[in-house]
Amino acid sequence: MKASPQSPPLDSLRLLHAVHHAQQAFIRGKNSGKQVFDTLLRSLLDVTGSEYGFIGRLLTDTKGQPYLKTISITNIAWSEETQALYNKYEAQGMEFTKLSSIYGKVLAEHAPYICNSPHTDPHRYGTPSGHPALNAFLGVPIMTDNAMIGMFGIANRPGGYDNEIITFLQPLTDTCAVLIDALRERQSHEAHVEELRAANEHLHQQEQFLRSLVESQTHYLVRTDLDGLYTYVNKGFMKHFGITDKIIGYHSMETIHPDDVPGCVAAVEYCLQHPGEMKTVLLRKPTVHGTYLETEWEFIAVVDEHGAPYQIQCFGRDITERREAERRAEAFQTELSDLNRHLEERVKDRTQELSNLNREKDEFLGIAAHDLKNPLAAIKLSAERIVFHYERDTTAIIPNVAQTIIASSERMLEIIENLLDINKLESGQLMLSPEQSDDSFIKNIVAAYQDRAAVKEITLHYQQTPDSFSFIADKQAFQHIIDNLLSNAIKYSPRGKKVSLEAILLQSAPIQAPYQSHTSVLRISVRDEGQGISEVDMKRLFTKFARLSARPTGGEHSTGLGLSIVKKLVELHKGRVWCESHITQGGSDNADNHSGSTFIVELPQP
């Protein structure tokens with residue numbers, strides 16, 4: 001489906017600027033999540049020339065039915081009633097539940113939907129009286145990890161919508177997915193923190209209630225003589241521990257936990273040495289049920305008329321529930337701290353992901369602007385030359401100028417194809433179709449580069465072991481790998497040098513880690529006598545947009561994506577690729593120089 005010719009032009013730079021602005025605003029946290037999506041929706045309408053639209057999250061109701069809840073929506077109120085409705089629900093989000101509608105088709109099928117004739121569309125649901133006209137509609141699902149998490153809808157672009165617009169809006173769609181996911185994590189974190197705060201407050205109130213309840217109960221009161229024998233116990237003590245007054249005369253140390261005896265003795269000695277002063281001690285007291293209660297006691301020496309201690313009086317209370325509450329509170333606080341740390345790590349990871357996306361976007365803009373500038377300038381200059389010579393009726397030069405335009409266009413096409421290839425590889429859209437080929441397939445690829453090598457007087461040599469063999473690989477991907485390696489070898493080799501490609505099918509004993517489980521391995525080695533690769537460059541050799549110190553020797557251009565694509569294609573084949581390089585002092589013009597690089601690809605065979 002194509003939009004009409006009168007459709008407004010699509011501006012990639014404006015789109016990327018909008019994406020960049022939204023990502024930066026969310027990362028810096030200067031605006032709320034809704035404000036970020038409001039700005040993103042305005043940008044979406046602006047770059048597409050649409051009148052109104054919405055961005056929403058996909059949710060499910062209690063019956064498992066999907067529905068859409070808006071994060072941002074255009075105010076298209078046409079009456080006081082609809083304005084009041086918008087004001088009421090705009091902040092918290094409006095809910096769209098009709099699956100039998102144009103937007104409902106996107107929710108049901110998780111696929112984009114273009115409707116340039118809503119009045120005749122079989123999925124139309126109708127609009128309320130007074131609703132602004134709906135002349136065209138585009139609904140796009142927002143996906144993450146192959147799952148739909150939201151969608152956006154826009155309406156009334158002059159000339160309608162088409163698949164080109166969907167592709168054009170992909171960076172914004174991907175940004176919406178990351179932001180919705182991050183917003184969901186942020187809201188979940190805030191809700192959980194609030195839930196934990198409320199639970200903590202409830203626990204604190206419960207603890208206060210238990211404390212007051214315990215303190216309001218009858219306390220224990222006991223006395224012992226200086227030998228530690230009970231001389232008095234009150235009813236609260238007897239009732240609580242299920243004993244009788246027969247305990248009088250028993251040694252008090254026999255009624256506490258053995259591990260608490262040293263602390264109890266120390267408390268008694270302190271009171272004897274400091275008459276009139278209280279000493280607090282925690283003791284575990286046994287019950288008739290064979291369990292221990294945790295109790296808190298205050299010891300004080302009872303003195304005679306001469307001030308000499310003759311008894312120890314002890315006031316006690318049961319603090320078992322209080323201590324249990326304290327332990328629960330400590331455990332809860334530990335859990336809260338661990339959860340907060342985990343959530344902070346997740347938020348940090350999401351923030352880093354957004355930062356990485358932003359950095360890659362900046363790299364993309366820089367590469368696109370730099371690499372497309374020269375061919376665009378060449379096309380412009382060639383077009384001006386055509387006009388110049390046409391006006392002066394000197395048209396004989398026009399075919400040569402046209403060739404310059406063709407060459408520049410081919411260069412731009414190569415740059416764009418490389419960018420699209422790396423995007424397919426990283427998004428998982430590229431699926432391999434392995435099939436059997438023989439060694440002639442490799443020979444044909446090498447033969448196709450003989451003319452290009454001859455231009456620079458480079459000898460292109462091929463050899464293989466054994467004399468004939470077959471192998472399994474995706475033909476298009478395999479050719480892409482060899483094309484990149486041979487093209488680079490010629491591009492970075494000085495005039496008059498040698499480039500060689502060697503194909504070896506390793507079988508049986510020569511196979512080493514990590515391919516021992518395979519019957520054979522195809523090894524492709526491409527060697528040049530070029531400038532070599534430094535240790536610094538070697539570390540980022542297979543990264544995207546890598547700008548290395550080595551430069552093409554014949555003025556050729558490079559996007560910095562070729563080796564990155566090679567690595568990803570090789571890894572899709574479960575293989576590996578690496579480089580071995582040697583740099584000899586003296587430079588490439590030295591006759592005794594043995595600099596050069598060898599790129600090695602290994603593809604395991606089934």
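Just so you know, these numbers come straight off a predicted model, no measurement behind them.
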Roughly how far, to the nearest 0.5 Å, is CG of Leu561 from OG1 of Thr543?
-> 9.5 Å
Yes or no on side-chain contact (heavy atoms from CB on, under 4.5 Å) for Ile71 and Arg57, after CA distance, side-chain angles and deciding distance?
-> CA-CA 7 Å; Ile71 305 174; Arg57 289 174 56 185; 3.3 Å; yes
Using the side-chain contact (heavy atoms from CB on, under 4.5 Å) rule, take Leu343 and Leu339 through it: C-alpha gap first, then chi angles, then the decisive distance, then the call.
-> CA-CA 6 Å; Leu343 290 175; Leu339 185 57; 4.2 Å; yes
Between Phe478 and Ser437, is any pair of side-chain heavy atoms under 4.5 Å apart?
-> no
Hey, does Tyr492 have a side-chain heavy atom less than 4.5 Å from the side chain of Val499?
-> no
Which word best sums up how the rings of His21 and His17 line up, parallel for under 30°, tilted for 30 to 60°, or perpendicular for over 60°?
-> parallel
Between CD1 on residue Ile482 and OG on residue Ser487, distance to nearest 0.5 Å = 12.5 Å
Measure the CD-CD1 distance between Gln450 and Ile458 for me, rounded to the nearest 0.5 Å.
-> 11.0 Å
Do Lys497 and Asp528 sit within salt-bridge range, that is, some charged N less than 4.0 Å from a carboxylate O?
-> no
Is the number of heavy atoms from other residues, nucleotides or ligands under 6.0 Å of Glu535 CD greater than 12?
-> no
Is it true that atom CD of Glu335 has more than 12 heavy atoms of other residues, nucleotides or ligands lying nearer than 6.0 Å?
-> no
Check whether more than 12 heavy atoms from other residues, nucleotides or ligands sit under 6.0 Å from atom CZ of Arg540, and answer yes or no.
-> yes
Check for a donor-acceptor pair, side chain of Arg157 on one end and backbone N or O of Thr48 on the other, with a separation under 3.5 Å.
-> yes
Measuring from Lys105:NZ to Ser100:OG, what's the distance to the nearest 0.5 Å?
-> 12.0 Å
The complete set of side-chain hydrogen bond (donor to acceptor under 3.5 Å, both in side chains) pairs with one or both residues in residues 142-151, sequence neighbours excluded, reads none
So, are Arg576 and Glu571 salt-bridged, with charged N and O less than 4.0 Å apart?
-> no
Can you tell me how far CD of Glu185 sits from CD1 of Ile180, rounded to the nearest 0.5 angstrom?
-> 13.0 Å
Is a salt bridge present between Lys498 and Glu529, judged by a nitrogen-to-oxygen distance below 4.0 Å?
-> no
Parallel, tilted or perpendicular: which describes the rings of Phe471 and Phe441, with under 30° parallel and over 60° perpendicular?
-> tilted
Should the pair Asp181-Arg184 be classified as a salt bridge under the 4.0 Å nitrogen-to-oxygen rule?
-> yes
Donor on one side chain, acceptor on other, Tyr67 and Gln65, under 3.5 Å = no
Is there side-chain contact between Leu169 and Leu44, with at least one heavy-atom pair below 4.5 Å?
-> yes
Have a look at Thr553 and tell me which of Arg495, Lys456, Lys491 forms a side chain to side chain donor-acceptor pair (under 3.5 Å) with it.
-> Lys456
Report yes if some heavy atom in the side chain of Val521 is under 4.5 Å from a heavy atom in the side chain of Gln605; otherwise report no.
-> no
Determine whether Leu58 and Ile142 make a side-chain contact, defined as any pair of heavy atoms from C-beta on separated by less than 4.5 Å.
-> no
Mind checking whether Ile445 and Asp483 have side chains closer than 4.5 Å, heavy atoms only?
-> yes
Side chain to side chain, Val106 and Phe152, heavy atoms closer than 4.5 Å | no
pair Val140-Tyr113: side-chain heavy atoms closer than 4.5 Å | no
From the options Leu572, Leu432, Leu569, select the one residue that forms a side chain to side chain contact (heavy atoms under 4.5 Å, CB included) with Asp474.
-> Leu432
Are Asn340 and Glu344 linked by a side-chain donor-acceptor pair shorter than 3.5 Å?
-> no
Asp439 and Tyr462: side-chain donor and acceptor closer than 3.5 Å?
-> no
Is the CD atom of Gln476 crowded by more than 12 outside heavy atoms at less than 6.0 Å?
-> no
From Arg527 atom CZ to Glu580 atom CD, the distance as rounded to the nearest 0.5 Å = 9.5 Å
Answer with yes or no after comparing the ring centroid distance for Tyr103 and Phe96 against a 6.0 Å cut-off, counting only values under it.
-> yes
How would you list, by chain and number, every residue that makes a side chain to side chain contact (heavy atoms under 4.5 Å, CB included) with Glu195, sequence neighbours excluded?
-> His192
